[in-house]
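Before any comments, here is the structure.
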Amino acid sequence: QVQLVESGGGLVQAGGSLRLSCAASGRTFSNYAMGWFRQAPGKEREFVAAISWRGSITYYGDSVKGRFTISRINAKNTVYLQMNSLRPEDTAVYYCARSIGAFGRSSSAEYDYWGQGTQVTVSS
């Protein structure tokens with residue numbers, strides 16, 4: 001069984017930064033791509049970013065390109081999401097997820113394990 005635990009969320013002013021972390025249990029972390037999604041109240045879950053199993057390939061949703069950076073340290077079983085130039089529309093619960101394969105995609109259907117989420121609130 002795989003467990004994913006997110007941390008690092010909080011309240012920040014517009015223009016500020018936050019770094020989210022996702023710690024994974026299990027010895028197969030490095031075999032899989034990882035992704036971040038977010039969901040705001042009343043909205044569909046939205047793809048934010050994904051990173052391949054070795055960290056060499058990254059993908060971003062259009063709304064966060066140039067502002068967010070996904071990274072991973074396999075030796076620590078941890079994936080990160082550095083969020084800069086935050087905007088009020090970035091306010092959401094952010095979820096970490098493990099892909100079913102080595103290269104992440106934007107569809108939530110391609111992820112089989114999910115964390116409980118961490119709240120990010122950006123004030124204007």
Side-chain angles (χ1 to χ4, degrees):
Q1 192 64 271
V2 174
Q3 288 189 322
L4 304 174
V5 180
E6 301 97 335
S7 61
L11 174 64
V12 64
Q13 288 188 332
S17 299
L18 282 175
R19 187 176 82 155
L20 305 184
S21 300
C22 172
S25 65
R27 290 178 289 181
T28 60
F29 175 80
S30 60
N31 293 347
Y32 298 91
M34 298 293 294
W36 286 95
F37 289 77
R38 67 186 183 186
Q39 189 165 21
K43 294 189 176 181
E44 297 284 323
R45 188 167 292 188
E46 176 189 13
F47 170 72
V48 175
I51 187 166
S52 62
W53 65 294
R54 294 179 67 179
S56 57
I57 301 173
T58 56
Y59 311 87
Y60 295 93
D62 289 341
S63 62
V64 306
K65 280 180 184 175
R67 301 187 298 122
F68 290 12
T69 303
I70 188 171
S71 61
R72 66 189 296 164
I73 300 178
N74 287 341
K76 294 186 176 182
N77 276 19
T78 302
V79 62
Y80 304 94
L81 184 69
Q82 177 67 43
M83 306 186 294
N84 298 329
S85 301
L86 283 162
R87 304 167 181 168
E89 54 264 39
D90 294 318
T91 295
V93 177
Y94 283 71
Y95 297 92
C96 167
R98 193 191 79 167
S99 174
I100 59 176
F103 297 93
R105 295 293 183 264
S106 61
S107 169
S108 60
E110 299 202 26
Y111 294 81
D112 55 358
Y113 289 98
W114 294 79
Q116 82 290 348
T118 186
Q119 176 71 46
V120 171
T121 303
V122 184
S123 64
S124 57

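- Taking each heavy atom of Ala92 and Gln119 in turn, the nearest pair found is O-NE2, 3.4 Å.
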Step by step, work out the side chain to side chain contact (heavy atoms under 4.5 Å, CB included) result for Glu6 and Leu20. CA-CA 7 Å; Glu6 301 97 335; Leu20 305 184; over 6 Å; no
Stepwise side chain to side chain contact (heavy atoms under 4.5 Å, CB included) check, Glu89 with Ser63: CA-CA 10 Å; Glu89 54 264 39; Ser63 62; over 6 Å; no
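- A donor-acceptor pair under 3.5 Å is absent between the side-chain atoms of Thr121 and the main chain of Thr91, judged by distance alone.
- For the atom pair CZ (Phe68) and OG (Ser17), the distance works out to 9.5 Å, reported to the nearest 0.5 Å.
- Remark: side-chain polar atoms of Asp112 are not paired, donor with acceptor, to backbone N or O of Ile100 under 3.5 angstrom.
- Here the CD-CD1 distance, from Gln82 to Ile70, works out to 12.0 Å after rounding to the nearest 0.5 Å.
- Side-chain heavy atoms closer than 4.5 Å link hydrophobic residues (I, L, V, M, F, W, Y) into clusters, and following such links, possibly through other members, connects Val2 to Ile51.
- For Phe37, the ring-ring contact (aromatic ring centres under 6.0 Å, His included) partners two or more places apart in sequence, or in a different chain, are Phe47, Tyr111, Trp114.
- Tyr95 and Val64 fall into different hydrophobic clusters, defined by Ile, Leu, Val, Met, Phe, Trp and Tyr side-chain heavy atoms under 4.5 Å apart, directly or through other members.
- A distance-only check finds no donor-acceptor pair linking the side chain of Asp90 to the backbone of Asn84 [under 3.5 Å].
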Determine whether Ser21 and Lys76 satisfy the following criterion, side chain to side chain contact (heavy atoms under 4.5 Å, CB included), listing intermediate values before the conclusion. CA-CA 11 Å; Ser21 300; Lys76 294 186 176 182; over 6 Å; no
For the pair Tyr60 and Arg67, evaluate side chain to side chain contact (heavy atoms under 4.5 Å, CB included) and give the outcome as yes or no after the intermediate values. CA-CA 10 Å; Tyr60 295 93; Arg67 301 187 298 122; over 6 Å; no
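- Within the 4.5 Å cutoff, the side chain of Arg105 has no heavy atoms near those of the Ser99 side chain.
- Judged by distance alone, the side chain of Gln13 and the main-chain N or O of Ser123 form no donor-acceptor pair under 3.5 Å.
- The minimum heavy-atom distance between Ala49 and Leu81, with the atom names listed, is CB-CD1, 4.2 Å.
- The shortest distance between side-chain heavy atoms of Met83 and Val122 does not fall below 4.5 Å.
- Residue Val120 is not grouped with residue Tyr80 when hydrophobic side chains (ILVMFWY) are merged at heavy-atom distances under 4.5 angstrom, including chains of intermediate members.
- For the pair Ser124 and Pro88, the tightest heavy-atom approach, listed with the atom from each and the gap, is CB-CG, 3.8 Å.
- Cluster annotation: Tyr113 and Trp36 are assigned to the same hydrophobic cluster (Ile/Leu/Val/Met/Phe/Trp/Tyr, side-chain heavy-atom contacts under 4.5 Å, transitive).
- Side chain of Asn74 to backbone of Phe29: no donor-acceptor contact under 3.5 angstrom is found.
- For the atom pair OG (Ser108) and CD (Glu44), the distance works out to 9.0 Å, reported to the nearest 0.5 Å.
- Although no hydrogens or angles enter the test, the distance criterion places a donor-acceptor pair under 3.5 Å between the side chain of Arg72 and the main chain of Ser52.
- Closest approach of Met34 and Cys22 over heavy atoms only: CE-SG, 4.4 Å.
- Of the inter-residue distances, the one linking Arg38 atom CZ with Glu46 atom CD reads 4.0 Å to the nearest 0.5 angstrom.
- Two different hydrophobic clusters hold Tyr32 and Tyr59 under the rule that ILVMFWY side chains link at heavy-atom gaps under 4.5 Å.
- Legend: residues meeting salt bridge (Lys or Arg N to Asp or Glu O under 4.0 Å) with Lys65, ordered by chain and number and at least two apart, are Asp62.
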